[in-house]
Amino acid sequence: MTESTPTNHPTSMRTHLCGALRDADVGSTVSVCGWVGRRREHGEHLAFVDLRDHSGIVQCVINDDVDVRSEYVLRITGTVRERPEGTMNDALPTGRVEIGDCEVEILRSATPPPFPIDARADDVDENIRLKHRYLDLRRERMQKNLRLRSKVNTAVRYAMDTQDFVEVETPMLVPSTPEGAREFLVPSRKEPGSFYALPQSPQLFKQLLMVAGVDRYYQMARCLRDEDLRADRQYEFMQLDMEMSFVNQDDVLDVVSLAVLAAAEAATGERPAPIERMTWHDAMNRFGSDKPDLRFGMELQELTAVFAQTEFKAFSGATAIKGIKIDGGASEFGRNQLDKLTEKAKSAGAKGLVWLKCTDDGFDSPVAKFLSDEEVPEVKDVMGADTGDLILIVADAWDTTCQVLGMIRNEIARPPVHEGPYRYVWVVEFPLFVGRDKETGQPKSGHHPFTMPHPDDIGKFETDPMSVRSIAYDLVLNGWELGSGSIRIHEPELQRKVFQALGISDDEAEKKFGFFLNPFEYGAPPHGGFAFGLDRLVAILAGEENIREIIAFPKTQSGADPMTDSPIVGDPKSMAELGLKVLPPTT
RNA sequence: GGUCCCGUGGUGAAGUCAGGAGUUCACGCCGGCCUGUCAAGCCGGAGGUCGCGGGUUCAAAUCCCGUCGGGACCGCCA
């Protein structure tokens with residue numbers, strides 16, 4: 001981010017922000033307000049007080065005996081002057097000036113804070129930071145993050161507005177829908193025993209807005225999912241949710257790209273290159289992931305053909321054999337580490353992990369003896385391996401092979417998220433169906449059941465449903481899934497076909513989705529959309545590994561808020577009014 | 001639901017493997033000195049249920065069991 005001088009917005013209490021004072025202000029009388037950061041006392045008649053507000057700190061020279069302590073809230077009026085020769089501090093933007101002849105007004109005294117209000121608190125236990133979040137947020141890092149977030153929001157809104165999208169707010173109290181993520185339920189007081197749900201996304205409403213002829217809808221939408229929390233997941237999160245009519249995939253991708261690139265530019269000052277595209281199949285084949293991190297290489301290499309005639313049992317039965325190469329990894333990885341990687345590969349579903357350390361005349365590996373004289377040079381050739389390199393191979397079903405190597409690739413080489421460059425990628429042509437239901441054996445929706453199948457694959461519904469592609473797409477940044485979307489089905493015939501493949505009968509479809517699909521009978525335009533997570537985008541642009549750092553008041557991994565102590569036990573009176581009774585835990 | 005890591009004055013750590021008096025270091029806090037410092041300096045001081053409960057032991061921060069809290073990940077997140 002570019003360091004610029006903060007803009008002053010004078011109020012009745014202050015003329016300048018602390019961090020805004022510069023050489024040009026020398027000689028003027030100013031009033032600043034803020035918190036006492038550090039004070040350096042030199043006897044009764046000289047003290048330096050660093051006064052801090054969100055814009056930065058400024059040194060105030062106080063010649064009277066004033067008792068001001070850490071985090072006291074002060075209003076200081078004085079004269080800006082150049083610091084004496086040899087006492088300038090280049091580490092501070094305000095370091096060439098100071099405020100002298102200070103008149104100090106204590107607006108509020110303060111108890112010493114439980115942790116320092118500066119970068120040292122980065123190391124403080126996060127639970128303590130969250131318990132006193134209002135103090136944590138006073139820190140430069142958190143102020144920066146909040147402001148960056150605001151900038152991103154504004155840029156996204158502006159980008160959507162200038163593309164003639166209409167912001168429409170959809171309800172927070174919605175009907176419960178059985179599919180998808182677990183929902184938060186809200187009991188109805190008027191109808192005890194009935195519940196609203198909090199929306200996992202405005203999906204249903206935004207598609208109905210297309211039926212309503214809104215044409216281009218967007219919303220900075222709060223979404224709620226009652227699933228286990230992670231570094232990149234909170235119960236509640238914000239999405240840029242959008243939907244548009246009479247479009248194909250390119251139209252949607254263009255609109256969203258513009259918003260994302262504008263947001264990135266607002267945050268970093270630099271416009272990223274146009275976002276590249278990759279098919280889901282390529283992403284899996286090359287990076288072993290549907291959210292490939294393109295910042296580093298170590299791509300998966302195809303070895304199936306090399307081992308077509310192999311005698312090695314572990315390879316001969318496999319439909320896909322692939323490898324990754326770690327440059328110079330032979331000496332770096334000891335037996336212990338390789339065993340650990342093998343364990344990980346196994347727990348991720350692979351039958352095993354073969355490692356080959358390249359030597360001058362072959363491989364150092366427990367399986368070296370199973371490889372033929374022809375195979376050894378071919379493997380080295382395909383992998384581009386030299387002496388001292390380490391090759392890791394998985395042989396399994398195609399999806400397992402890709403997935404496991406992709407996981408290992410990330411494990412070994414993925415840089416921290418704050419390390420550039422930013423690599424955005426559209427992953428397109430997701431499969432329509434992913435996996436099969438354990439009980440019924442029916443395919444399951446990859447995205448959701450209203451996703452448009454790829455027109456070239458309609459013929460494969462009966463013959464090979466799992467290979468049917470869809471017009472569904474994800475936006476990925478540095479290995480994080482930012483969001484996903486699709487072109488939707490708007491014709492009943494096709495919808496029925498998809499339901500059929502999913503094993504959903506007409507009756508069942510009517511029962512589950514009728515309230516949503518029947519309105520389509522009144523004329524649903526072809527439409528499609530997208531939603532991307534603003535928290536994740538901001539986190540990456542802020543260089544934070546954890547979205548809690550860019551959320552003002554986040555929840556802990558267990559879903560609690562240490563500051564407010566929520567969730568709290570229900571008040572019996574309210575419970576009675578709602579017709580609720582808590583059962584003892586089932587254990 | 002599962003795997004792994006962590007919990008020691010207000011804060012951060014060392015001490016735990018290999019049991020021996022609440023021991024140590026830094027920051028902060030309180031008091032004193034100090035007129036150009038800037039994570040000021042010097043001197044002095046206060047501050048602890050070693051997360052909690054149980055067990056083993058002559059003796060537990062340390063070993064064992066349980067539990068609570070925090071974190072990372074898997075499952076889950078159409």
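Here is how names work: the chains are called A, B, and so on, in the same order as the sequence lines, proteins then strands, and each is numbered from 1.
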When the nearest nucleotide of RNA chain B is assigned to A/Asp125 and to A/Asp232 on a heavy-atom basis, which residue is associated with the more 5' position?
A/Asp125

Spacing of the C1' atoms in B/rU24 and B/rG47 (rounded, Å):
16 Å

Atom CD of A/Glu41 and atom C1' of B/rC30: how far apart are they, to the nearest Å?
13 Å

Which whole number of Å gives the distance between the P atom of B/rG9 and that of B/rG51?
8 Å

Could you give the distance separating B/rU62 and B/rG19 at their C1' atoms, to the nearest angstrom?
6 Å

Who pairs with B/rA40 - Watson-Crick or G-U, where each distance is under 3.5 Å
none

Report the distance from atom CD of A/Glu44 to atom P of B/rC34, rounded to the nearest whole Å.
8 Å

Once you round it to whole Å, what is the distance between P of B/rC73 and CD of A/Glu227?
16 Å

Counting heavy atoms from C-beta on, name the nucleotide in B/rA72, B/rC77, B/rG10 closest to the side chain of A/Ala231.
B/rA72

Do the rings of A/Phe430 and A/Trp280 sit parallel, tilted or perpendicular, given the 30° and 60° boundaries?
tilted

Pairwise P distance, B/rC34 and B/rC43 [rounded to whole Å]
16 Å

Please state whether the phosphate of B/rC76, meaning OP1 or OP2, lies under 4.0 angstrom from any side-chain nitrogen or oxygen of A/Arg225.
no

Is the phosphate of B/rA72, meaning OP1 or OP2, less than 4.0 Å from a side-chain N or O of A/Asn546?
yes

Does A/Ser70 place a side-chain N or O at less than 4.0 Å from the phosphate oxygens OP1/OP2 of B/rG28?
no

Looking at B/rC38, does its base get a donor-acceptor pair with the side chain of A/Asn89 below 3.5 Å?
yes

For A/Asp123, which contact category applies under a 4.0 Å heavy-atom criterion: base, sugar-phosphate, or nothing?
sugar-phosphate

In whole Å, measure the gap between the C1' atoms of B/rG28 and B/rU11 for me.
7 Å

Hey, is A/Phe115 stacking on B/rU11? Ring centres under 5.5 Å, planes under 30°.
no

Would you indicate, yes or no, if B/rA40 has its OP1 or OP2 atom less than 4.0 angstrom from a side-chain nitrogen or oxygen of A/Arg40?
yes

For B/rA26, which nucleotide in any strand shown is its Watson-Crick or wobble partner with both distances under 3.5 Å?
B/rU11

Give the ring-plane orientation class for A/Tyr134 versus A/His132, where under 30° counts as parallel, over 60° as perpendicular and anything between as tilted.
perpendicular

May I have the distance from A/Gln239 (atom CD) to B/rC77 (atom C1'), rounded to whole angstrom?
12 Å

Here the distance between atom P of B/rA72 and atom CD of A/Glu411, to the nearest Å, is 16 Å

P gap between B/rC58 and B/rG53, integer Å:
23 Å

Below the 4.0 Å mark, does B/rA72 have OP1 or OP2 next to a side-chain nitrogen or oxygen of A/Arg548?
yes

side-chain N/O A/Thr556 vs B/rG70 OP1/OP2, d < 4.0 Å
yes

Compare side-chain N and O positions of A/Arg69 against OP1 and OP2 of B/rG31 and report whether any pair is under 4.0 Å apart.
yes

May I ask you to evaluate whether A/Gln59 reaches the phosphate of B/rU37, defined as a side-chain N or O under 4.0 Å from OP1 or OP2?
no

Using Watson-Crick or G-U wobble geometry with both distances under 3.5 Å, which nucleotide pairs with B/rA72?
B/rU3

Base, sugar-phosphate or nothing for A/Arg52? Non-hydrogen atoms, less than 4.0 Å.
nothing

State the pairing partner of B/rG66; accept Watson-Crick or G-U wobble contacts with both distances under 3.5 Å, and report none otherwise.
B/rC52

C1' atoms of B/rA59 and B/rG20, separation to the nearest Å
7 Å

More than 12 foreign heavy atoms under 6.0 Å from CZ of A/Arg75: is that the case here?
yes

What's the spacing between A/His490 NE2 and A/Met210 CE if we round to 0.5 Å?
13.5 Å

Would you mind telling me which residue lines up with the more 5' stretch of RNA chain B, A/Arg230 or A/Gly446, judged by nearest nucleotide?
A/Arg230

Here the gap from A/Ile117 atom CD1 to A/Arg52 atom CZ, rounded to the nearest 0.5 Å, amounts to 6.0 Å

N/O donor-acceptor pair, side chain A/Arg39 with base B/rC38, under 3.5 angstrom
no

Pairing partner of B/rC58, by Watson-Crick or G-U wobble and under 3.5 Å for both distances, is B/rG20

Within this structure, what is the CG-to-C1' distance between A/Asn127 and B/rA72, rounded to whole angstrom?
15 Å

What contact category does A/Ser558 fall into here, base, sugar-phosphate, or nothing, at under 4.0 angstrom with non-hydrogen atoms?
sugar-phosphate

Taking atom types as they are modelled, is there a donor-acceptor pair under 3.5 Å from the base of B/rC76 to the side chain of A/Arg233?
yes

Determine whether any donor atom in the side chain of A/Glu126 lies under 3.5 Å from an acceptor atom in the base of B/rG69, or the reverse, and answer yes or no.
no

What's the NZ-C1' distance between A/Lys340 and B/rU3, to the nearest Å?
14 Å

Measure the CD-CG distance between A/Glu545 and A/Asp232 for me, rounded to the nearest 0.5 Å.
11.0 Å

Determine whether a donor-acceptor pair (N or O, by modelled atom type, separation under 3.5 Å) exists between the side chain of A/Gln219 and the backbone of A/Gln239.
no

Under 5.5 Å between ring centres and under 30° between planes: does that hold for A/His42 against the base of B/rA40?
yes

Between A/Arg120 and B/rG12, does any side-chain N or O lie under 4.0 Å from OP1 or OP2?
no

For A/Glu183 and B/rC76, give me the distance from atom CD to atom C1', rounded to whole Å.
15 Å

Between B/rA39, B/rC73, B/rG36, which nucleotide has the shortest distance from any of its atoms to the side chain of A/Arg38?
B/rA39

Is a donor on one side and an acceptor on the other found under 3.5 Å between the side chain of A/Arg133 and the backbone of A/Ala552?
yes

A/Arg295 bridged to A/Glu419 by N-O distance under 4.0 Å:
no

Touch class at under 4.0 angstrom, heavy-atom based, for A/Pro84 against every strand present:
base

Taking the same atom, P, in B/rC42 and in B/rC25, what whole-Å distance lies between them?
15 Å

